[in-house]
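I have placed the structure first, in the form of structure tokens, so that the comments after it can refer back to it.
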Amino acid sequence: MCNNCDCSNCHNNAEHKMKRHNAIKSCLGRNPDAFRSKIAGGRSGEAKGWHNKGCNCKRSGCLKKYCECYEANIKCTSSCKCVGCRNYDDSSEMNLEEKIVNVKDKWPESVITPAVVEAVCGSLLAQAEKAERKAQSPVQAEHMVLDEFGRCLTQIVKAMFKN
DNA sequence: GAGTTTGAAACT
DNA sequence: CAGTTTCAAACTC
């Protein structure tokens, strides 16, 4: 109940007991978890646990306390629907597969999708094998692979600016 | 401290 | 379920 608040026309007090009870009831009717913590796992306020529902941040980059994940001291996950998120693990120890998954989860709008990464890697490998078959010198082989990489990047950049 | 930004929750 | 409104906390100056 309110106590020493500055609210006007307040019904959250003993005088409106019934009204208050009904309000709580209809609130819980809509969402049974309305008065429960949104952070599961670790004890309150620690860097443990995870956000049950994820955040929906649009402009804060999830790096300000407007973001529920950031405020709870946890990283955003794929259950978030945030845009432009910078609150995620970017560890250099991550292997390639984890990085690809990370791209998929956090930048759904990116053109560098797992499929694109695979395609690029595949054509670079093909180029390297071609050089091997033609018994090119290491320098020539490098040149062929880098040429191919350049073509791939050009296509990716073109696709990015299409939108 | 006033004014602005932000996003969850409520609402439609 | 998607779009809109509300509003208090976070933030900025």
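Because the structure is a prediction, the values reported are computed rather than measured. Below, chains carry the letters A, B, ... as their sequence lines are ordered, and counting in each starts from 1.
Separating the CG atom of A:N12 from the P atom of C:dC7 is a distance of 15 Å, rounded to the nearest angstrom. Atom CG in A:N56 sits about 14 Å away from atom P in B:dA10, given to the nearest Å. Taking atom NZ of residue A:K58 and atom C1' of nucleotide B:dA8, one finds them 11 Å apart after rounding to whole Å. B:dA9 atom P lies 12 Å from atom NZ of A:K81, rounded to whole Å. Between A:L63 atom CG and C:dA10 atom P there is a gap of 16 Å when expressed in whole angstrom units. When rounded to the nearest whole Å, the span between CD of A:E71 and C1' of B:dG7 equals 11 Å. Rounded to whole Å, atom P of B:dT6 lies 5 Å from atom CZ of A:R59. If you take NZ of A:K65 and C1' of C:dA9, they are 10 Å apart, rounded to a whole angstrom.
Not a single donor-acceptor pair under 3.5 Å links the side chain of A:D147 to the backbone N or O of A:G150. Proximity of a side-chain donor or acceptor of A:Q140 to a complementary backbone N or O of A:S137 within less than 3.5 Å is detected. A donor-acceptor distance shorter than 3.5 angstrom exists from the side chain of A:K58 to the backbone of A:N56, with no hydrogens or angles considered.
Here CG of A:N87 is found 8.0 Å from SG of A:C82. Values are rounded to the nearest 0.5 Å.
Closest to the side chain of A:K64, from the set B:dA8, C:dC11, B:dG7, is C:dC11.
Here A:S60 does not reach the OP1 or OP2 of B:dT5: none of its side-chain N or O atoms lies under 4.0 Å away.
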